[in-house]
K.L.:
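Okay, here's the structure, questions in a sec.
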Number of protein chains: 2
Amino acid sequence: MTTKDSKIPGATIERIALYSRPLEKFLEQETELISSERLAALCNVNPAQVRKDLSYFGEFGVRGIGYNVRDLLSEIRKILVSDREWKLAIAGVGNMGKALVENVNLLKRGYKFVAAFDSNPERIGKRLPSGLTVQPLTSIGPSKEESGFEIGVITTGPAYAQAAADSFIRAGVRAILNFSAFQVRQPEGCLVENVDFSIKLDDLAYHLSSIRGKK
Amino acid sequence: MTTKDSKIPGATIERIALYSRPLEKFLEQETELISSERLAALCNVNPAQVRKDLSYFGEFGVRGIGYNVRDLLSEIRKILVSDREWKLAIAGVGNMGKALVENVNLLKRGYKFVAAFDSNPERIGKRLPSGLTVQPLTSIGPSKEESGFEIGVITTGPAYAQAAADSFIRAGVRAILNFSAFQVRQPEGCLVENVDFSIKLDDLAYHLSSIRGKK
DNA sequence: CCTGGTATGTGCAAGAATTCACAATCATTT
DNA sequence: AAATGATTGTGAATTCTTGCACATACCAGG
Ligand SMILES: NC(=O)c1ccc[n+]([C@@H]2O[C@H](COP(=O)([O-])OP(=O)(O)OC[C@H]3O[C@@H](n4cnc5c(N)ncnc54)[C@H](O)[C@@H]3O)[C@@H](O)[C@H]2O)c1
Ligand SMILES: NC(=O)c1ccc[n+]([C@@H]2O[C@H](COP(=O)([O-])OP(=O)(O)OC[C@H]3O[C@@H](n4cnc5c(N)ncnc54)[C@H](O)[C@@H]3O)[C@@H](O)[C@H]2O)c1
């Protein structure tokens, strides 16, 4: 990737991923051109932000014209390395876990679940609609080469999240996406993203009340 | 809420919600005291950050000692207004929607689903394990008082997310939590939080690759 | 009642991220 | 070929956020 060697804000990466969503739709509709202004409006951000975010990685637009949808999308896929397949494993095949494994959007974007683990004996051995068979957590292999997945997803109950993370790390996984309400600690050499929806609800509740309060 | 009238960073609210998770566990374990240092470690943040975040809302600790777990948690609940029940409605009762409606953690935290809507005739009329009956989207009422919910959750496919949001807004909803990959535009007078997991995966993929690349 | 040990609360400086504002650039029209 | 109009790319200004460092306050023990 041809990045300028200046520091890239963390939020820039997430926004660039965001930009790709409307672009995919425009590509389907065969819209050729898009301006930073229009793209920004669709993503709820400032147009200058769009241009600056992209400028960290190169010059993809044409002054006076805008961006070519197909080219920009392809550049973004290169930037995000989502132009290839990533193999995922999941720990905890409950409601949330099943929703993720069966989600076709993730697959379309190149995220493929290749292993599913659970500790509940009733679940082990079951075949999921996607074709995966649920395995005992203990069978997570010891090395990345053997286990064959690169990103671990955690959807166990909070009490088991750290244990699941430890197993993944022992198996050589270098990136974890954790949906449990327990905050997995970021170990050396492994990226962790914690996603907790109920925080989003708390956030909404707070802001709802403070708006009310001010009226 | 007794806030100092200085501006409160947006990130502060989300972190305060984060702090409450370990506190809940300490309360169960009957741990009485906690230091900003310990709490910070559990949440992957800086201790000064914890203290500053809390200081926007008051002085909850005791110098030389730390924070009383029970009191702090109760203060945080007051701050976040999660000391009361919030009524939610959901649009789109697919895999993801069901996982949310059946999630007991949300209920424990005071978030209660009181209505479920879907556009699929096969789903309408079905009774969910929680006791809710799935209603047609068209039956979302016109006013908040009538509809009886305050926060709308969207788990339809991306193509229907904006329509679902519009229905919620017509029904008087002032806050929306959207899980579809479509970015709902933030209308006047209504808060919108967009949550898109696949962005988190893109983020992990990017960082995984750039670490590799540098080695 | 004083002293030592500890952890909070916060002013201020440093650091990041966002937004502005405009020069640079290109297609189009006259 | 010059003028026009549009929209990018980016240095600089601005705004927001974080973290340091230390005065402040409290408890316990003598
Ligand atoms: N469902 C939601 O909407 C939602 C929302 C927010 C957060 N979460 C969090 O996501 C997690 C999963 O939610 P869910 O609704 O799927 O719960 P669930 O109870 O349906 O599923 C949890 C699954 O994890 C398995 N499990 C338990 N311990 C395990 C271990 N050590 N290793 C592997 N598997 C293990 C259980 O057998 C079960 O299958 C929970 O932590 C929950 O707090 C869920
Ligand atoms: N499942 C996941 O893990 C996951 C991950 C990331 C994003 N998402 C997003 O969450 C959304 C839901 O995912 P899912 O897995 O539950 O999909 P799903 O297909 O299982 O469920 C979608 C549901 O929405 C209903 N629906 C469609 N149009 C509607 C409308 N206008 N009003 C009300 N209901 C309508 C459908 O009948 C269906 O029941 C999707 O947008 C998906 O992209 C899901």
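To find a chain, count down the sequence lines: A is the first, B the second, and so on, and within it residues start at 1. If you're wondering where the values come from, they're calculated on a predicted model, not measured in any experiment.
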K.L.:
OP1 or OP2 of D:dT7 sitting under 4.0 Å from any side-chain N/O of A:Arg38?
P.N.:
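No.
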K.L.:
Over how many whole Å does the gap from A:Asp53 atom CG to D:dT10 atom C1' extend?
P.N.:
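Going from A:Asp53 (CG) to D:dT10 (C1'), I get 13 Å.
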K.L.:
Anything under 30° is parallel, anything over 60° is perpendicular, the rest tilted; go ahead and classify A:Phe179 against A:Phe197.
P.N.:
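It falls in the perpendicular class, over 60°.
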K.L.:
Would you kindly check whether a donor in the side chain of B:Arg63 faces an acceptor in the base of D:dT24, or vice versa, at under 3.5 angstrom?
P.N.:
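Flag set: donor-acceptor pair detected.
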K.L.:
Can you tell me whether the side chain of B:Lys52 and the base of C:dG9 have a donor-acceptor pair closer than 3.5 Å?
P.N.:
no
K.L.:
Mind listing the closest non-hydrogen atom pair of A:Ile8 and B:Tyr206 along with its distance?
P.N.:
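Looking at all heavy atoms of both residues, the closest pair is CD1-OH, 3.8 Å.
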K.L.:
Are B:Arg109 and B:Glu85 close enough for a salt bridge, meaning some N to O gap below 4.0 Å?
P.N.:
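Result for this pair is no, no salt bridge flagged.
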K.L.:
Rounded to whole Å, how long is the line connecting atom CG of B:Asn46 with atom C1' of D:dA21?
P.N.:
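One finds 12 Å between C1' of D:dA21 and CG of B:Asn46, rounded.
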K.L.:
Whole Å only: how far is the OH atom of B:Tyr19 from the P atom of C:dT8?
P.N.:
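The distance from OH of B:Tyr19 to P of C:dT8 comes to 12 Å, rounded to the nearest Å.
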K.L.:
From C:dT8, C:dC20, C:dT18, pick the nucleotide closest to the side chain of A:Ala48?
P.N.:
C:dC20
K.L.:
Are B:Glu193 and A:Lys200 close enough for a salt bridge, meaning some N to O gap below 4.0 Å?
P.N.:
yes
K.L.:
D:dG9 C1' sits how many Å from A:Gln49 CD, rounded?
P.N.:
14 Å
K.L.:
For A:Tyr19 and A:Asp53, which I'm curious about, is there any donor-acceptor pair between the side chains at under 3.5 Å?
P.N.:
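Distance-only check passes for A:Tyr19 and A:Asp53.
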K.L.:
Using the side-chain heavy atoms of A:Arg15, tell me which of these nucleotides is nearest: D:dG9, C:dT8, C:dT18.
P.N.:
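Nearest to the side chain of A:Arg15 among the choices is C:dT18.
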K.L.:
What is the distance, to the nearest angstrom, from the CG atom on A:Asp71 to the P atom on D:dT8?
P.N.:
15 Å
K.L.:
Does B:Ile34 or A:Val62 map to a spot on DNA chain C nearer the 5' end, using the closest nucleotide for each?
P.N.:
B:Ile34
K.L.:
May I have the distance from A:Asn44 (atom CG) to C:dT19 (atom P), rounded to whole angstrom?
P.N.:
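So the CG-P distance, A:Asn44 to C:dT19, works out to 12 Å.
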K.L.:
With respect to the side chain of B:Arg51, which nucleotide from C:dG9, D:dT8, C:dT19 is positioned closest?
P.N.:
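Nearest listed nucleotide: C:dG9.
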K.L.:
Remember a base hit wins even if backbone is also touched, and classify A:Thr12 as base, sugar-phosphate or nothing at under 4.0 Å, heavy atoms.
P.N.:
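Result for A:Thr12 = nothing.
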K.L.:
Considering only D:dT8, C:dT19, C:dA7, which nucleotide approaches the side chain of B:Ser35 most closely?
P.N.:
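Nearest nucleotide to the side chain: C:dA7.
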K.L.:
Whole angstroms only, please: what is the CG-C1' distance between B:Leu33 and C:dT8?
P.N.:
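So the CG-C1' distance, B:Leu33 to C:dT8, works out to 13 Å.
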K.L.:
Return no unless some side-chain N or O of B:Ser36 is found under 4.0 Å from OP1 or OP2 of C:dA7.
P.N.:
no
K.L.:
From OH of B:Tyr67 over to P of C:dT6, roughly how many Å is that when rounded to an integer?
P.N.:
18 Å
K.L.:
Kindly indicate whether the side chain of A:Lys7 and the base of C:dG15 share any N or O donor-acceptor pair separated by less than 3.5 Å?
P.N.:
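Between C:dG15 and A:Lys7, which were checked side chain against base, a qualifying N/O pair under 3.5 Å is absent.
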K.L.:
Closest approach to the side chain of B:Tyr56, judged atom by atom: which nucleotide of D:dT18, C:dT10, D:dC20 is it?
P.N.:
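It is D:dT18.
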